[in-house]
J.: 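Take a look at this one; I'll ask things after.
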Amino acid sequence: MTAFRAGIGYDAHRLVAGRPLIIGGVTIPHDRGLAGHSDADVAAHAIADALLGAAGAGDLGAHFPDSDPANEGISSLEILRRIASILSARGCRIVNADVTVVAEAPRLGPHIPAMRRALAAALGIAEGDVSVKAKTTEGMGFEGAREGISAHAVALIEMPS
Ligand SMILES: [Zn+2]
């Protein structure tokens, strides 16, 4: 019998001047970017935690600690590639990932196809198995105040039989 496991992931980073804005592996023109030890890609990080959660393999902080200088400025697509390897080594197959990015600005819609391509390539799955959605909060909360951007993700994996 085939067993499936779902996982959930969440991430948020602060918007600051002087950083590129990278979401879903895509650099998006904007006057500010997300602050963080790595490239602070909220969509990739939420998906990474969803996948690790589905596999019961801990979380992103455990695998890529901020305290490790090797993780400074690391591309989050590289993080996803390594997580795909961790899952593959355990015999797990990624079925799909779905992420919602919450941002008041900039408009993310035009960048979604490129995000899906980049995330799917990093995970080694088909573009159709990665979904990216963008939402605003109608001005409410830290995302609405443009203080930061957050992302929520779910992922499904097939466990080894
Ligand atoms: Zn993050």
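Just so you know, ligand 1 is whichever comes first in the structure, and atom 1 is the first atom listed for that ligand. This one's a predicted model, so the numbers in the text were calculated from it and none came from an experiment.
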J.: Restricting to N, O or S atoms, which atom of His45 is closest to the Zn ion (ligand 1)?
T.: ND1
J.: Please name the atom of Asp11, restricted to N, O or S, that is closest to the Zn ion (ligand 1).
T.: OD2
J.: On a heavy-atom basis, which atom in Asp41 and which in Gly24 lie closest, and how many Å separate them?
T.: OD1-N, 2.8 Å
J.: Using 2.8 Å as the threshold, say whether any N, O or S atom from Asp41 sits that close to the Zn ion (ligand 1).
T.: no
J.: Could you pull out all donor-acceptor pairs under 3.5 Å where a side-chain atom in residues 151-161 meets a protein atom, sequence neighbours excluded?
T.:
residue	atom	partner	partner atom	Å
Glu158	OE1	Arg93	NE	2.8
Glu158	OE1	Arg93	NH2	2.7

J.: What is the name of the N/O/S atom of His13 that is nearest to the Zn ion (ligand 1)?
T.: NE2
J.: Does this structure show an ion pair linking Asp98 with Lys133, if we count only N-O contacts that are shorter than 4.0 Å?
T.: yes
J.: Side chains of His45 and Ser38: any donor to acceptor distance under 3.5 Å?
T.: yes
